[in-house]
Amino acid sequence: MFDWHNWIVELVIAIFFISGFVVFYNTLDSWLTHKFINRARGKQYTRIGLTCFAYVMAAFCLLAENWNPINSDAYMNWALYVLFVPVLDRDVSRLENVVRFGGILIFWTVNNNLAAPIYWVSLIALEAIMVVTNLFPHLLDRSRCSRSGYRCGSPSPSG
């Protein structure tokens, strides 16, 4: 029988983790942008910092999975989420996207059975996601924010 109580607890924890990560990621983005805005390579430092932060958080999720294998599925899902959030950022170059997807590919390869057919199917899906996000970045251009009258990342209405 399905354990609804455990599922609800994990769902609530995941919601708080996800919302907390997004807030922290956007705050870090804003802080790094303001700190390095006047430097020659300020934008590059910001992007590197955000990518490194995502990799460190994913590594922590892997560590948590080893320390607490009972919740390994939750930690793996959180690590994937943490690695995919930066991919949605449209203010990056193609090289940065390749580096970010490279991290996802390495994570996916290390944590899956390479002999299983589902791994190869998921790898094809991952490649399709990479191609779509690189060829059609306007689809991920946070249009939901512009339709609502607010700038993304800004609590005040855009004039």
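V56 and F84 fall into different hydrophobic clusters, where Ile, Leu, Val, Met, Phe, Trp and Tyr residues are linked whenever their side-chain heavy atoms come under 4.5 Å apart, directly or through other members. Both I129 and V99 sit in one connected hydrophobic cluster of ILVMFWY residues. Membership requires side-chain heavy atoms under 4.5 Å apart, directly or through other members. In the hydrophobic clustering of this structure, I104 does not group with I106; members are Ile, Leu, Val, Met, Phe, Trp, Tyr whose side-chain heavy atoms approach within less than 4.5 Å, directly or through other members. Criterion: ILVMFWY side-chain heavy atoms under 4.5 Å apart, direct or through other members. Under it, I124 and F101 are not part of a common hydrophobic cluster. Under the 4.5 Å side-chain heavy-atom criterion for ILVMFWY residues, no single connected hydrophobic cluster contains both V82 and L63.
Taking the six-membered ring for Trp, F53 and F24 have ring centres closer than 6.0 Å. Residues Y75 and W78 bring their aromatic ring centres within 6.0 Å.
Here D73 contributes atom CG and E10 contributes atom CD; the two are 8.0 Å apart, rounded to the nearest 0.5 Å. With rounding to the nearest 0.5 Å, the separation of CG in L114 from CH2 in W108 is 12.0 Å. Expressed to the nearest 0.5 Å, how far OG of S72 lies from CG of N77 amounts to 9.5 Å. Remark: S30 OG to N26 CG distance equals 8.5 Å, nearest 0.5 Å.
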Q. Run the side chain to side chain contact (heavy atoms under 4.5 Å, CB included) check on L28 and Y25 step by step: do they pass?
A. CA-CA 5 Å; L28 183 62; Y25 182 86; 5.8 Å; no

**Q.** Step-by-step side chain to side chain contact (heavy atoms under 4.5 Å, CB included) determination, L123 to L105
**A.** CA-CA 8 Å; L123 202 59; L105 179 64; 3.2 Å; yes

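For the residue pair T109 and Y119, the shortest heavy atom distance occurs at OG1-OH, 2.9 Å. Scanning all heavy atoms of the two residues, the minimum distance from A54 to P86 falls at CB-CG, 3.6 Å. Nearest heavy atom pair, residue R100 against residue Y55, reads CA-OH, 3.6 Å.
In this structure, the side chains of M76 and F107 come closer than 4.5 Å at one or more pairs of heavy atoms. Contact of the I118 side chain with the N112 side chain is not registered, since no non-hydrogen atoms from C-beta on lie closer than 4.5 Å.
The aromatic rings of F21 and F17 lie parallel to each other, with less than 30° between the two planes, well short of the 60° mark.
Shown here is I70, whose CD1 atom has no more than 12 heavy atoms of other residues, nucleotides or ligands within 6.0 Å.
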